[in-house]
Amino acid sequence: MSRSAGHLIVDTLESAGIERVYAVPGESYLDVLDGLYDAKIETVVCRQEGGAGFMALAESRLTGRPGIAMVTRGPGAANAMISVHTAWQDATALVLFVGLVPLNDRSRESFQEFSLSEWFSSTAKRVLTIDDADRAGEITADALRIAASGRPGPVVVGLPEDVLVRLTEAPTPPLAEVAPPTPAPAVIDGLASRIAAAERPAFVLGGDGWHNGCGAELAGLAASAGVPIFCDWRAYDAIPHSSPAWAGWLGYGRADAVAAGFAEADLIVFVGCTRSDVASDGYTIGFDAETVLVSLDMGATQHAGRIDEHIIASPISFTRALTRTEAGAARDASQLRGTRTDEWMQGRADAQSRFAAHRPDAEAAPENPGRAGVDLGVAFGILDDRLGGDAILTYGAGNATIWGHRFIRHERPASLVGARNGAMGLAVPAAVAASLAYPERRAVAICGDGDFLMNGQEIATAFAHSGSPLIIVIDNGVYGTIVSHQENHYPGRPSGTRMVNPNFAAWMSAFDLSSSGAASAGDASSTGTGSSKSGLTGHGERVETTEDFGPALDRALAHDGPALIHVLIDPATMPPAADETS
């Protein structure tokens with residue numbers, strides 16, 4: 001069958017089970033867009049390339065499939081770079097397709113020309129270019145495989161405009177199934193003996209690959225064996241927080257007591273993550289313990305310090321090997337317990353429980369009574385109660401996220417998307433993607449005012465594709481994280497950190513598809529299968545007092561469509577101290 005290279009790319013994505021691509025259209029890859037017209041794949045039309053890349057990253061983290069973003073050459077690729085860096089540092093499978101100038105225009109400084117390889121090679125697993133129409137399907141399949149295999153990460157694929165329209169007889173290639181290696185029984189038995197012999201063993205879970213729910217199975221065995229489980233920063237949906245083994249998260253905003261427990265461990269088993277600078281408080285704790293690394297990354301990227309054993313496995317293949325015998329029966333936890341009681345595990349769990357207990361900020365910081373605006377300790381306690389551990393939480397960067405990390409429970413897998421590289425602007429697009437991937441679940445973005453306006457335009461994408469995220473914007477009128485650093489290093493000299501904000505609630509309320517041209521965004525004239533609901537409206541509320549937050553939240557949760565709560569706080573408000581507990 002003769003077809004264009006652009007259509008072959010789409011057919012390859014469809015055969016690989018890709019359900020959505022996140023795109024900002026460009027004339028450089030028109031033939032791919034034309035192929036998407038008849039495809040079962042939904043084309044989610046985004047408003048900025050950085051937002052498109054973040055949506056694709058969120059889809060990958062929540063579903064386990066590589067996220068797909070498509071952008072045009074030059075400026076479009078530049079805007080998408082932030083998502084590539086995030087996917088690289090976060091080890092998330094992402095494939096970015098970038099339109100390029102025609103082959104004859106190369107090396108002539110033609111319109112929007114740039115070097116794909118020179119731009120992306122330092123922050124991508126592979127940079128590929130489809131120069132031959134016959135290889136369009138092969139290279140697309142390779143990109144999907146490379147992104148998801150080993151240490152997951154981004155792959156960038158260049159699409160020369162003229163190559164896309166060339167006809168090819170090449171068939172749609174099969175996607176190679178890459179089964180993660182299963183550790184040998186002797187290796188698992190040896191690990192069980194290590195854990196049994198340790199006085200203070202601990203698991204640290206992190207990275208991607210926990211979306212399938214295997215973390216709950218691992219937590220069950222760990223609890224029975226008296227082994228606490230810490231989670232790496234922004235990966236703490238790996239296990240249910242109701243597990244007796246849950247010992248809290250490491251990294252920014254963690255409790256001092258949690259970090260102390262990690263530092264006391266005499267055996268640490270990292271699964272899907274490493275002893276990075278963030279997890280180890282800047283390479284200062286957790287280095288004396290015997291260390292087992294469970295990872296598909298042969299190079300142990302980001303890991304610092306000793307490795308006594310490196311087990312090549314994914315989270316799910318490792319969990320199945322550890323929790324089950326060769327015959328498939330459940331492993332006896334006594335093989336891991338040794339002579340330990342539950343005292344070590346219980347102490348770690350109690351420390352995290354005290355840290356996460358709901359309390360007013362006014363109680364946590366009595367030296368600063370009577371601050372204006374909403375008490376976030378109260379507000380996030382209410383939010384946690386309403387969500388019940390079931391929602392998908394998305395975070396960008398900034399101090400405003402710390403209350404969510406601290407007070408909101410996770411009881412389901414695939415319930416957290418946050419930029420582990422600290423990128424701002426991820427919260428809103430990630431919540432939009434989450435609401436499209438899991439329309440039956442509540443997606444909630446937690447962001448500061450600075451973070452929100454970096455990609456707040458993607459609210460329009462939610463309306464165009466019938467997403468229903470709830471967005472909570474914490475407005476203090478400053479870049480709060482930077483202010484806190486300035487106060488530490490240059491006290492009393494704030495510089496370059498103040499902002500002026502609009503009424504975010506009014507902006508959300510301005511979206512009304514019943515009277516807007518945006519209502520046509522999802523009709524049959526657009527690519528993909530997504531459509532917007534007629535009459536969809538935005539619900540926005542501005543909350544200035546603590547007492548008003550709960551009722552506003554209830555109205556937002558009841559709204560059928562995107563909603564936003566604009567929460568005002570005092571600029572001097574900072575997250576509760578890491579040593580503060582109830």
Side-chain angles (χ1 to χ4, degrees), residues 5-6 9 12-13 18 21-29 32 46 48-61 66-103 105-132 135-136 138-161 163-164 208 297 299 301-302 419-426 429 455:
I9 291 169
T12 303
L13 293 174
I18 299 301
V21 301
Y22 297 91
V24 175
E27 67 271 25
S28 59
Y29 68 100
V32 175
C46 305
Q48 205 260 10
E49 292 86 356
F54 279 150
M55 289 188 202
L57 182 145
E59 169 120 356
S60 176
R61 191 163 296 171
I68 308 298
M70 295 183 175
V71 303
T72 196
R73 60 203 176 202
N79 283 339
M81 172 65 85
I82 189 171
S83 63
V84 175
H85 182 268
T86 305
W88 173 257
Q89 286 225 316
D90 291 13
T92 298
L94 172 73
V95 178
L96 175 68
F97 290 91
V98 181
L100 298 177
V101 300
L103 296 182
D105 292 358
R106 282 182 180 170
S107 303
R108 304 173 75 175
E109 201 54 42
S110 54
F111 180 65
Q112 295 183 339
E113 184 183 8
F114 72 107
S115 172
L116 190 74
S117 179
E118 290 183 16
W119 277 28
F120 288 102
S121 60
S122 66
T123 50
K125 292 184 70 176
R126 196 77 60 85
V127 179
L128 308 168
T129 299
I130 300 176
D131 286 338
D132 180 352
R135 297 191 62 209
E138 171 197 338
I139 291 175
T140 299
D142 283 348
L144 293 169
R145 174 182 55 80
I146 293 167
S149 61
R151 181 182 188 268
V155 174
V156 180
V157 181
L159 308 175
E161 184 178 346
V163 175
L164 294 178
D208 293 358
D297 180 12
T301 307
Q302 288 185 330
R420 299 177 192 133
N421 72 333
M424 296 185 73
L426 180 139
N455 271 314

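Starting from 1, each residue takes its place in the sequence as its number. This structure is a prediction, so every number in the text was calculated from the model and none was measured.
- Side-chain atoms of Q89 and H85, non-hydrogen and from C-beta on, do get closer than 4.5 Å to each other.
- When all heavy atoms of A93 and S60 are compared, the pair lying nearest together is O-OG, 2.8 Å.
- A 4.5 Å side-chain heavy-atom check between P152 and T92 finds every atom pair outside the cut-off.
- Contacts of D297 classified as salt bridge (Lys or Arg N to Asp or Glu O under 4.0 Å), with partners at least two apart in sequence or in another chain: none.
- Once rounded to the nearest 0.5 Å, the distance linking OG of S83 with CD of E49 reads 10.0 Å.
- In this structure, the side-chain contact (heavy atoms from CB on, under 4.5 Å) partners of A141, at least two apart in sequence or on a different chain, are T12, P173, L175.
- With sequence neighbours left out, the side chain to side chain donor-acceptor pair (under 3.5 Å) criterion links E161 to R73.
- With sequence neighbours excluded, the residues that form a side-chain contact (heavy atoms from CB on, under 4.5 Å) with A136 are A5, L8, I9, I130.
- Note that the OG1 atom of T301 and the CZ atom of R151 stand 5.0 Å from one another [nearest 0.5 Å].
- Y29 approaches L159 most closely through the heavy-atom pair CB-CD1, 4.2 Å.
- Counting heavy atoms from C-beta on, the side chains of L144 and I68 come closer than 4.5 Å.
- R145 pairs by the salt bridge (Lys or Arg N to Asp or Glu O under 4.0 Å) definition with D142, not counting sequence neighbours.
- Listed by chain and residue number, R106 satisfy the salt bridge (Lys or Arg N to Asp or Glu O under 4.0 Å) test with D131 (two or more places apart in sequence, or in another chain).
- In this structure, P429 and F54 approach most closely via the heavy-atom pair CG-CB, 3.9 Å.
- Scored by the side chain to side chain donor-acceptor pair (under 3.5 Å) test, T86 finds N421 as partners (sequence neighbours excluded).
- The side-chain contact (heavy atoms from CB on, under 4.5 Å) test applied to Q48 returns N79, N455, Q457, E458, not counting sequence neighbours.
- Of all the heavy atoms in A69 and G53, the pair that sits closest is CB-CA, 4.1 Å.
- The salt bridge (charged side-chain N to carboxylate O under 4.0 Å, His left out) contacts involving residues 78-94 comprise R61-D90, where partners must be two or more places apart or lie in separate chains.
- With sequence neighbours excluded, the residues satisfying salt bridge (Lys or Arg N to Asp or Glu O under 4.0 Å) with R135 are E138.
- Every residue two or more places apart in sequence or in another chain that forms a side-chain contact (heavy atoms from CB on, under 4.5 Å) with A77 is listed here: V98, F114, W119, F120.
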